[in-house]
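A, B, ... follow the sequence lines: proteins, then strands. Residue 1 opens every chain. Below, each value reflects all heavy atoms present in this structure, side chains not excepted, and no hydrogens, waters or symmetry copies.
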2 protein chains.
Amino acid sequence: MAKKEQTAIEPTRADDYPEWYQQVIRAADLAETSPVRGCMVIKPWGCALWENMRAALDGMFRETGHVNAYFPLFIPLSFLQKEAEHVEGFAKECAVVTHHRLEADADGRLVPAGPLEEPLVVRPTSETIIGAMYAKWVQSYRDLPVLVNQWANVVRWEMRTRLFLRTTEFLWQEGHTAHETRQEAWDETLKMLGVYKRFAEEYMAIPVLTGEKTAAERFPGAVNTFCIEAMMQDRKALQAGTSHFLGQNFAKASEIVYQTRDGGREFAWTTSWGVSTRLIGGIAMVHGDDNGMVMPPMLAPSHVVILPILRADGDRETVMSYCAELAASLRARTYAGAPVRVEIDARDMNAGEKSWQWIKKGIPLRVEVGPRDIAQNAVFVGRRDRPPREKSGQPRDAFVAGIAPLLAEIQAGLLERAREFRNGNTARMDSMDDFRSFFTPANAEKPEIHGGFALAHWCGKEECETSINDELSVTIRCIPTEREAEDGACIACGAPAAGRVIFAKAY
Amino acid sequence: MAKKEQTAIEPTRADDYPEWYQQVIRAADLAETSPVRGCMVIKPWGCALWENMRAALDGMFRETGHVNAYFPLFIPLSFLQKEAEHVEGFAKECAVVTHHRLEADADGRLVPAGPLEEPLVVRPTSETIIGAMYAKWVQSYRDLPVLVNQWANVVRWEMRTRLFLRTTEFLWQEGHTAHETRQEAWDETLKMLGVYKRFAEEYMAIPVLTGEKTAAERFPGAVNTFCIEAMMQDRKALQAGTSHFLGQNFAKASEIVYQTRDGGREFAWTTSWGVSTRLIGGIAMVHGDDNGMVMPPMLAPSHVVILPILRADGDRETVMSYCAELAASLRARTYAGAPVRVEIDARDMNAGEKSWQWIKKGIPLRVEVGPRDIAQNAVFVGRRDRPPREKSGQPRDAFVAGIAPLLAEIQAGLLERAREFRNGNTARMDSMDDFRSFFTPANAEKPEIHGGFALAHWCGKEECETSINDELSVTIRCIPTEREAEDGACIACGAPAAGRVIFAKAY
């Protein structure tokens, strides 16, 4: 039996995937739990990743004609109630502000005081408060479309939380648009779904399937909900972004009415769409390995860390000035339209331990520079997408000249690896027996190891969806946007069905 | 008597300054009130301004060694109470979350349900929750300094609100640092004060005085509070940013303890510093005029708007392609390290009305392009820092080539004008009679027209400060950082004093 390789993360993915995930987030110093139940602290390395994601998405929103605005954190209870399904969907997870000051009670303890006439809900999403503003802004068809996005924090009270994947407070963007016609709103909904797919694949290096949610998984109040779905390394699905066609539901609730071209009055057609810090969890779960986080270069807070190797005291000045010059040369290079991001880590600590810290953080490239390398005008390079011990000496100038193609190669490799993994764990399935065994863990102690994505026929009835969920904890992730017309029989009830949907266990 | 010039903003600054301000914010489409008491909606033009401010400040924080992180929105009541002065200072303006869901009552109305064991306060500032995290992060002197900034929304319940200047929710950044020594924390406090001064002057084109607050105006829990103070056009002061030396107060409250170099245990020394969306109000009040907002080019969402002039239908194609090419040429130019920001406004509406919209929004340059201009390869340019009707024809190529120096000239002119205004309304004062008349409005119907900043001696006693405030609604804005040692007599009580402080009415 081969000796088991020492890994930086305990347990490994194979040993205990959920716990591995928590340890990766911790080891990479991305976030940690806070003393506030369900709320996380996003640490500098995680925050820098989110800022890069935000900047990339923001550019894509701008290119598609959107502008940013900022709306209130609080939503009056009466606003939330305007759309019946909407409030029903969020009532169980609302943080409610009921008082506006603190006062000492008879025992001198501070207690809430100044009760509000109407309670305020901390926004779980902003359709209703933004709708109230659009009702003021939109008078005529000339005021349409309204194409606005907001970057904000939202709160959905969660009983069981996991860093990034499910937290009471999270950061996100929410786009809210209003249109003159049904078709225009429909096109917008799908356009933004396309933006999310492109962002996932080009920036996060995560292949995603696009499709529509079934009624059971629809956003509360939406007519149609579309999503991008990604496969994690435990073969479970992560809903990575949603785009909602809201029809005239929210326009009716908020009275967004416009004068039409022929002088009539009509409700606007609206959409909303969002992605959140949850995506960071997705990056960790798709690319991370038993040594920690793996950052896709397009979003990595830093691309290269330079690690000066100082063996003797006299080396310091030579090595440090060589490193500074190397950093400057790399920063003068451009990757994906911006300067290459470089850090020099000159902390006085054990070189191996230092190197492992950066491996765990997932930085794409580590460059060691010692007196011997300098003598040869060479650098010693470790790639995060290769095993930690696989490092290669390279001429310094060639490394600098090739930095952008190298980062692009790493980025493409991550996407390719993730795509192969997903495709290798996706299967077409036509019998319930196959379906059952696909989703039944071979080892009961490792419930996370099961089939993956199953492409199977579904008749369209909610009861079939429910029975499968009840039996196997498997849900329909989406009805694929582009699916082959194919006659078949519903995997659950055998009734005729006209195409396959994607079933999976999900986060 | 000269005929009164028609202005875009009613009333003018001279007629009713407070109302003029509200109208400028509205006419420039920067923000508006929302149905949520005291909370504003920051509209796209205002949001773009804030994003530019954020980007510039963020770069300055980074250059001074800081990184961003994100901490919870909610603060457990018990955390806020850890620092006695702190909770005392914020208790009267706290939004309190007491429940975590909504439930139908007997009448079917939704009411707050799921009471929390411990109420949560929506952060009015984050010293206590961040302190709790630093207590975990800091073990040894090797973990210091911690240099972290957060971009976030905060809530301070306000009874009387004004867009940007005083709102219940606002956006800000809050830096929180922890240090090994008193000196280091002290230096950090003053360094960030310097960053704010540089930002105000170089980006906002607003000259500021720096100094220390008196005990009465200190941040609750701070040992020293430093500030930058600017003069608005009604001669009142706006506190535009604060930097607090917190000593060991919050470290003691949160138990941020580190092992010292000689093996002992010591509380860390901390600082905090912040600026907010209030600064947008400051820009409007310093640079705005009777025609609306005036954007300093360093922060303007757009630098140039190109206004195609279409007199005949046949012109459209020629004019639009000329405009597109002009926009591309301008965008290829760099101002302050980034491409010049250009919009083409091709909306089909009255040309004069369109031009006025951009004047009210404060865009630095308007460029009209019609068939006659194209024939001469010329452009017709209006500067926002000049009267609306003062427009000049210029050769197109010269205008493009000179765009960066022109924007720099406008930026410098705004700062210079604001500095002259402030200096012209600042006076040294040695008698209470002079002081009283300086701050007494000449016209009781226009209480905003009074002296400005008074430099006068103060003995250091709080009662003198209070008596002046009670009589004249004038406060000590700051004890200037660099003041001449000068023997004098307290303006209020006549007792010996060792230097002048700045008195003013304030926002």
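Using a 4.5 Å cut-off between heavy atoms, B:Ala48 does not touch chain A at all. In this structure, chain B has no heavy atom under 4.5 Å from any part of A:Met349. Residue A:Pro119 touches chain B through its side chain alone, counting heavy-atom pairs closer than 4.5 Å. Interface remark: A:Phe90 contributes no atoms to any contact with chain B (heavy atom separation under 4.5 Å). There is no contact between A:Arg156 and chain B, counting heavy-atom distances below 4.5 Å. Using a 4.5 Å cut-off between heavy atoms, A:Leu116 touches chain B through its side chain atoms alone. Using a 4.5 Å cut-off between heavy atoms, B:Ile130 does not touch chain A at all. Interface remark: B:Glu51 contributes side-chain atoms only to the contact with chain A (heavy atom separation under 4.5 Å).
One finds the NZ atom of A:Lys43 at 9.0 Å from the CZ atom of B:Phe71 (value rounded to the nearest 0.5 Å). Taken from CG in B:Leu80 to CG in A:Leu102, the straight-line distance is 7.0 Å, to the nearest 0.5 Å.
Between B:Phe74 and A:Val36, the shortest heavy-atom distance links the atoms O-CG2, 3.2 Å. Nearest heavy atoms, A:Arg101 versus B:Glu93: CB-N, 4.4 Å. The minimum heavy-atom distance linking B:Pro35 with A:Met133 is given by the pair CD-SD, 3.7 Å. Of all non-hydrogen atoms in A:His99 and B:Thr98, the two that sit nearest each other are ND1-CG2, 3.9 Å. Between A:Lys136 and B:Thr33, the shortest heavy-atom contact is NZ-O, 4.1 Å. Between A:Glu169 and B:Leu73, the shortest heavy-atom contact is OE1-N, 2.9 Å.
Side-chain N/O atoms of A:Glu32 and B:Trp137 include a donor and acceptor closer than 3.5 Å.
Other residues, nucleotides and ligands contribute only 12 or fewer heavy atoms inside 6.0 Å of the CZ atom of B:Arg26. With a 6.0 Å radius and a threshold of 12 heavy atoms from other residues, nucleotides or ligands, A:Glu88 has its CD atom at or below the threshold. At most 12 non-hydrogen atoms from other residues, nucleotides or ligands lie less than 6.0 angstrom from CG of A:Asp348. More than 12 heavy atoms of other residues, nucleotides or ligands shown are found within 6.0 angstrom of CZ on A:Arg347. The environment of NZ in B:Lys92 is sparse: at most 12 heavy-atom neighbours from other residues, nucleotides or ligands sit within 6.0 Å.
Using cut-offs of 30° and 60° for the angle between ring planes, the B:His100 and A:Trp157 rings count as parallel.
Here A:Pro72 is the residue among A:Pro72, A:Ala31, A:Gly38 with the most heavy-atom pairs under 4.5 Å with chain B. Note on B:Leu110, B:Val67, B:Val96, B:Leu120: by heavy-atom pairs under 4.5 Å with chain A, the leading option is B:Val96. Your options are A:Ile42, A:Val122, A:Leu77, and the one with the most heavy-atom pairs under 4.5 Å with chain B is A:Ile42.
When each of A:Thr277, A:Val41, A:Leu171 is paired with B:Tyr70, the side-chain contact (heavy atoms from CB on, under 4.5 Å) condition holds for A:Leu171 and for no other.
Taking 4.5 Å as the limit, every side-chain heavy atom of A:Val155 sits out of range of all side-chain heavy atoms of B:Val97.
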